[in-house]
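Here the structure is a predicted model, which is why all the values come from computation and not from measurement.
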Amino acid sequence: MAKVLVVDDEEPIRLLATLVLSRAGHDVISAESGDRASGVALGFGGVEIVLLDVHTPGRPWTETLNDLRRQLPEIKCVLSSGHSKDSLESSAEDLSRVYYLQKPYRADELTAIISRALETS
């Protein structure tokens, strides 16, 4: 299984995602903002995928993803938002290895998209 970073400012969502992914066998750590995500990822070591809420306080998700990719070039990303994927504006440097999961999501949807993202190169 994989090392997963969950970034979401809503504690109940962060806790639920951590629980679901842990029960699925992943090693999970979380951060409440994009500002903290990079430090948490480096401290955790070897993060393979991030579940990143599009609307967290602090810096935009694009900056968070770009920063994570500078530190961990192979990291994959699942963006999560209550808004549709079409409503996202992107200034991310690279949108490869990026998936989308609309909130609210079910546990099986979360584990399925994480698995699918991890299977891609």
Side-chain angles (χ1 to χ4, degrees):
M1 289 295 160
K3 286 192 172 186
V4 181
L5 170 62
V6 174
V7 182
D8 199 304
D9 62 315
E10 296 181 59
E11 186 176 19
I13 293 173
R14 202 171 55 245
L15 292 173
L16 182 61
T18 298
L19 177 65
V20 166
L21 294 171
S22 294
R23 285 188 176 167
H26 298 290
D27 197 3
V28 185
I29 189 112
S30 66
E32 68 280 355
S33 69
D35 294 332
R36 294 201 18 88
S38 295
V40 169
L42 285 178
F44 192 47
V47 173
E48 298 166 68
I49 189 165
V50 58
L51 173 63
L52 178 57
D53 180 17
V54 171
H55 302 288
T56 58
R59 64 177 152 172
W61 70 267
T62 52
E63 288 181 21
T64 300
L65 180 56
N66 291 339
D67 192 36
L68 285 168
R69 286 199 166 154
R70 278 189 282 283
Q71 297 171 35
L72 303 160
E74 298 303 315
I75 196 168
K76 295 171 174 119
C77 178
V78 174
L79 294 176
S80 179
S81 174
H83 300 284
S84 73
K85 183 178 182 180
D86 296 336
S87 69
L88 296 179
E89 292 184 27
S90 177
S91 58
E93 294 168 5
D94 177 9
L95 288 179
S96 64
R97 301 180 320 273
V98 174
Y99 293 80
Y100 185 78
L101 180 62
Q102 185 152 354
K103 291 180 180 178
Y105 50 80
R106 297 185 321 262
D108 62 322
E109 293 172 320
L110 174 59
T111 56
I113 199 160
I114 292 291
S115 294
R116 186 168 60 237
L118 287 167
E119 290 171 1
T120 63
S121 41

Side chain to side chain donor-acceptor pair (under 3.5 Å): pairs with one or both residues in residues 8-21, sequence neighbours excluded: Asp8-Lys103
Minimal non-hydrogen separation, Ala17 against Leu51, with atom names: CB-CD2, 3.9 Å
Minimal non-hydrogen separation, Ala37 against Thr64, with atom names: CB-CG2, 3.9 Å
Rounded distance [0.5 Å steps], CG in Leu52 versus OG in Ser80: 8.5 Å
Closest non-hydrogen atom pair, Lys76 against Leu118: NZ-O, 3.6 Å
Contact summary for Asp35 and Pro57, nearest pair of heavy atoms: OD2-O, 4.4 Å
Sub-4.5 Å side-chain heavy-atom contact between Leu65 and Val98: yes
Separation of Ser22 OG from Leu15 CG (nearest 0.5 Å): 10.5 Å
Rounded distance [0.5 Å steps], CE in Met1 versus NE2 in His26: 5.0 Å
Verdict with reasoning, Leu110 to Leu16, per side-chain contact (heavy atoms from CB on, under 4.5 Å): CA-CA 10 Å; Leu110 174 59; Leu16 182 61; over 6 Å; no
Partners passing side-chain contact (heavy atoms from CB on, under 4.5 Å) against Asp67 (at least two apart in sequence or in another chain): Ser38, Arg59, Arg70, Gln71
Nearest heavy-atom neighbours spanning Ser81 and Asp53: CA-OD1, 4.5 Å
Pairs meeting criterion salt bridge (charged side-chain N to carboxylate O under 4.0 Å, His left out) with involvement of residues 23-34, two or more places apart: Glu32-Arg36
Close side-chain approach of Tyr99 and Thr120, heavy atoms under 4.5 Å: yes
Backbone N/O of Arg106 and side chain of Glu109: donor-acceptor pair under 3.5 Å: yes
Reported OG-to-CG distance for the pair Ser30 and Leu21, which is rounded to 0.5 angstrom: 11.0 Å
Non-hydrogen atoms of Ala31 and Val40 that approach each other most closely: CB-CG2, 4.0 Å
Flag side-chain contact, heavy atom, 4.5 Å: Ile13 against Tyr105: yes
Member of Val54, Val50, Leu101 meeting the side chain to side chain contact (heavy atoms under 4.5 Å, CB included) criterion with Leu79: Val54
